[in-house]
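Okay, structure first, notes after.
In each ligand, atom 1 is the first atom listed, and ligand 1 is the first ligand listed.
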Amino acid sequence: MERLYRRRVPTDKVVTNELARICAELSFETRRQIGLLIDRQGHIQSVIIGNDHELVIPNLARSRSGLRLLRGVRLVHTHLHNQPLTRDDLTDLALLRLDLMMAIGVGKDGRVQDVFLAHLLPQPKQGKSCQEWEPCSLHGFQLDCQDFILSLENECTRTNIGLRKGKESSRAILVSVSTERASRRQEHLDELRELVRVSHIHVVDSIIQRPHALHPKYVLGLGKLKDVIIQALQTGADWLIFDRDLTPAQVHGISEVTELRVLDRTQVILDIFAQRAHSRIGKVQVELAQLRYRLPRLSQSNTAFSRLAGGIGSRGPGETKLETDRRRARDRIRRLEAELVAVSRSRQQQRNMRSRQAIPVVSLVGYTNAGKSTLLNALTGSSQSAKDRVFETLDTVSRRLYIPDRGEIILTDTVGFIRQLPEDLVAAFHTTLQELKFADVLVHVVDARTPDPDRHIEVVESILAQLGFDTIPRLMVLNKCDLLPADQVEQMCHRYRAVGITATQGETVEDVRQALAHMLNRLDREGELKGRWGADRDTRFMKAASVGVS
Ligand SMILES: Nc1nc2c(ncn2[C@@H]2O[C@H](COP(=O)(O)OP(=O)(O)OP(=O)(O)O)[C@@H](O)[C@H]2O)c(=O)[nH]1
Ligand SMILES: [Mg+2]
């Protein structure tokens, strides 16, 4: 073995005839594959001994900057029965981005028979990421190794720049792995696409997998995962974004196979919150959620997890803190919690003032992007930001509104909900969500145009129930009715017992005002406007809000 390490291959050769001969002889004697990892200066970096049909490549030095460049080492290894390169050989070539992959076929007499060579293609051709050469004898094999690798790498860099034209700095492949029915999977994927879009990541491809069971370590089967990674490398993606939450073990498992950055749905949502949090309270709550999410993952594997910490998922208020260890994270969590308690107290005082003045409070709730802020603006003439992107509103905003036949009310707009709103976020947004507890009426705004309004309603209702607010009287409002035919709007309003409006057209919101006046007057008559929030609602809310606190 020593004699192999001492040799150096001239830079214009893939391997010398003598080295090939020694490896073939050793293989023949030991009935094992022998592999050499050779760098561009011709030094032998590693000698690998496999079994009779495969060998395991050791962890290679990983450099993120050169993710789509070549690795700087080639693998030359023996095949005991003169077989061509296998699928595993080609997968390793693509996954590890080796300079070259060569197999030296060992003949029945223990001598070198044929050589088999493959290299990456700068751009995939007919779905293939590698090019295999015709087998030939070692003597007949001609290639200026250094020249070839350098021009291949130049070509890879050029195509890479081509792929990266445009404004987006990051590219992602979305991976949906679920056992749900097809239409729902597609809907969830569309939602993830939207979440990723507002994170300024360009989606280059998406993959839907429906396995019998989720793999505990890789989510998908290992073979499928490798295919996805190769596809990502071919399309210039640097992120794999999963439409589900990954366990710390899965993050670790996937990161062992690839250097691509791995994100799950919760991290995407946390990142959007981090970008949108402007107020001090919003920032504190987001940082708290980020820390609580990371805490259990810190103990697993810092190296695996550090791949997640390089960009989104660690942006915003928590950026530097995410590098802290468990103890420091815990300390920080405690400090943030104390800060939130102080804010809650001062808000409570404001509310006491309000309740002394006996002004009813009406809160807008609903799925994100349903049109809550637009409705607040239309009703109160204010100018809350209402853009076509999810989680536009994070901080609660209150406005006074005069309603004829009723008088003054306080209307509040708050953070929108989403399917599987991360538990850590619900818990961290305790202070914001607490505002809802004091509402006399919740106006549930539903986007009528969404493909599955029932599902959105169900998600919102279940979060309200989880928080203990399901007993607060509701007014259901179907918004964006301008986007549907009138008869469909009528049917839906009847079905959901809702008021149909187009919040962007001010005059239609008059119906909301009337319905509110009617409802508040009725509640007043029934003595329901004051003192309804008893101990029961308080306890349930506190319980839901403390989920995830460690
Ligand atoms: N066509 C149409 N678009 C609407 C209507 N109401 C709101 N929108 C649009 O829907 C998008 C989202 O509106 P927002 O008011 O920001 O929604 P939101 O519920 O406050 O969203 P979050 O704050 O993210 O929870 C914006 O682009 C609005 O212009 C409507 O009645 N018709
Ligand atoms: Mg809003």
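- Residues Asn369 and Glu392 bring no donor and acceptor atom of their side chains to less than 3.5 Å of each other.
- At least one N or O atom of Ala370 sits closer than 3.5 Å to an N or O atom of ligand 1.
- Side chains of Thr502 and Thr504: a donor-acceptor N/O pair is absent below 3.5 angstrom, by distance only.
- Remark: Arg193 pairs with no residue by the salt bridge (Lys or Arg N to Asp or Glu O under 4.0 Å) rule, at least two apart or across chains.
- With ligand atoms numbered from 1 in the order given, ligand 1 contributes 24 (O) to contacts under 4.0 Å with heavy atoms of Phe391.
- Ionic pairing of Arg197 and Glu194 is present here: one or more N-O contacts between side-chain nitrogen and carboxylate oxygen are shorter than 4.0 angstrom.
- The number of heavy atoms from other shown groups lying within 6.0 Å of CG (Asp405) does not exceed 12.
- Between Val198, Asn369, Val365, it is Asn369 that holds the heavy atom closest to atom 12 (C) of ligand 1.
- The shortest N or O to N or O distance between Asp388 and ligand 1 is below 3.5 Å.
- Of all protein heavy atoms, the one closest to atom 10 (O) of ligand 1 is Lys480 NZ, 3.0 Å.
- By the 4.0 Å N-to-carboxylate-O rule, Lys372 lies too far from Asp413 to be salt-bridged with it.
- Salt-bridge check for Asp243 with Arg185: failed, with every basic side-chain N at 4.0 Å or more from each acidic carboxylate O.
- Aromatic ring pairs are classed by plane angle as parallel below 30°, tilted from 30° to 60° and perpendicular above 60°; the pair His456 and Tyr367 is parallel.
- Atom 30 (C) of ligand 1 has its closest protein heavy atom at Thr504 OG1, 3.3 Å.
- Considering only residues two or more places apart in sequence or on other chains, Asp245 meets the salt bridge (Lys or Arg N to Asp or Glu O under 4.0 Å) condition with none of them.
- Residue contact check: Asp482 has heavy atoms under 4.0 Å from atoms 1 (N), 2 (C), 30 (C), 31 (O), 32 (N) of ligand 1.
- Atoms of ligand 1 found under 4.0 Å from any heavy atom of Ala386, numbered from 1 in the order shown, are 14 (P), 15 (O), 16 (O), 26 (C).
- Any N or O atom pair closer than 3.5 Å counts here, and Thr393 shares at least one such pair with ligand 1.
- Of the polar atoms of Cys481, none of the N or O atoms is found under 3.5 Å from an N or O of ligand 1, judged by distance alone.
- Counting non-hydrogen atoms of other residues, nucleotides and ligands closer than 6.0 Å to CD of Glu490 gives a total of 12 or fewer.
- Using modelled atom types and a 3.5 Å distance limit, the side chains of Thr412 and Ser363 yield a donor-acceptor pair.
- Close approach to Lys387 involves these atoms of ligand 1, each under 4.0 Å from a residue heavy atom: 11 (C), 12 (C), 16 (O), 26 (C), 27 (O).
- When only modelled atom types and interatomic distance are considered, Asp271 and Gln275 share a side-chain donor-acceptor pair under 3.5 Å.
- When only interatomic distances are considered, the shortest N/O to N/O separation between Gly371 and ligand 1 falls below 3.5 Å.
- Checked by distance only, ligand 1 and Asp413 stay at 3.5 Å or farther apart across all their nitrogen or oxygen atoms.
- Ordered by chain and number, Ser373 OG, Thr393 OG1 make up the set of protein N, O or S atoms under 2.8 Å of the Mg ion (ligand 2).
- No option in Leu240, Ile229, Leu260 other than Leu240 meets the side-chain contact (heavy atoms from CB on, under 4.5 Å) test with Ile173.
- Close N/O approach between Ala503 and ligand 1 is found [any backbone or side-chain N/O within under 3.5 Å].
- By the criterion of a heavy-atom distance under 4.0 Å, both the backbone and the side chain of Thr502 are placed next to ligand 1.
- Against a heavy-atom cut-off of under 4.0 Å, Gly416 is close to the following atoms of ligand 1: 25 (O).
- Salt-bridge annotation for Glu187 and Arg419: absent, with no side-chain N of the basic residue lying under 4.0 Å from a carboxylate O of the acidic one.
- With respect to Arg449 and Asp482, no salt bridge is recorded, no charged nitrogen being found less than 4.0 Å from a carboxylate O.
- Among residue pairs with one or both ends in residues 207-222, those qualifying as side-chain hydrogen bond (donor to acceptor under 3.5 Å, both in side chains) are Lys217-Glu256; sequence neighbours excluded.
- Ligand 1 does not have Gly366 within reach: every non-hydrogen atom of the residue lies 4.0 Å or more from it.
- Taking every non-hydrogen atom of Leu483 and a distance limit under 4.0 Å, the qualifying atoms of ligand 1 come out as 1 (N).
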If you apply the rule salt bridge (Lys or Arg N to Asp or Glu O under 4.0 Å), what do you find for Asp331 with Arg334, and how did you get there?
CA-CA 5 Å; Asp331 288 349; Arg334 269 192 286 276; 3.2 Å; yes
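- Looking only at heavy atoms of the protein, atom 24 (O) of ligand 1 is closest to Glu392 N, 2.8 Å.
- In this comparison of Ile418, Asn479, Thr374, Thr508, the heavy atom closest to atom 14 (P) of ligand 1 sits on Thr374.
- Protein heavy atom at the shortest distance from atom 25 (O) of ligand 1 is Lys372 NZ, 2.9 Å.
- Of the heavy atoms in Val390, only backbone atoms (N, CA, C, O) come closer than 4.0 Å to ligand 1.
- Under 4.0 Å from ligand 1, the heavy atoms of Arg389 that appear belong solely to its backbone.
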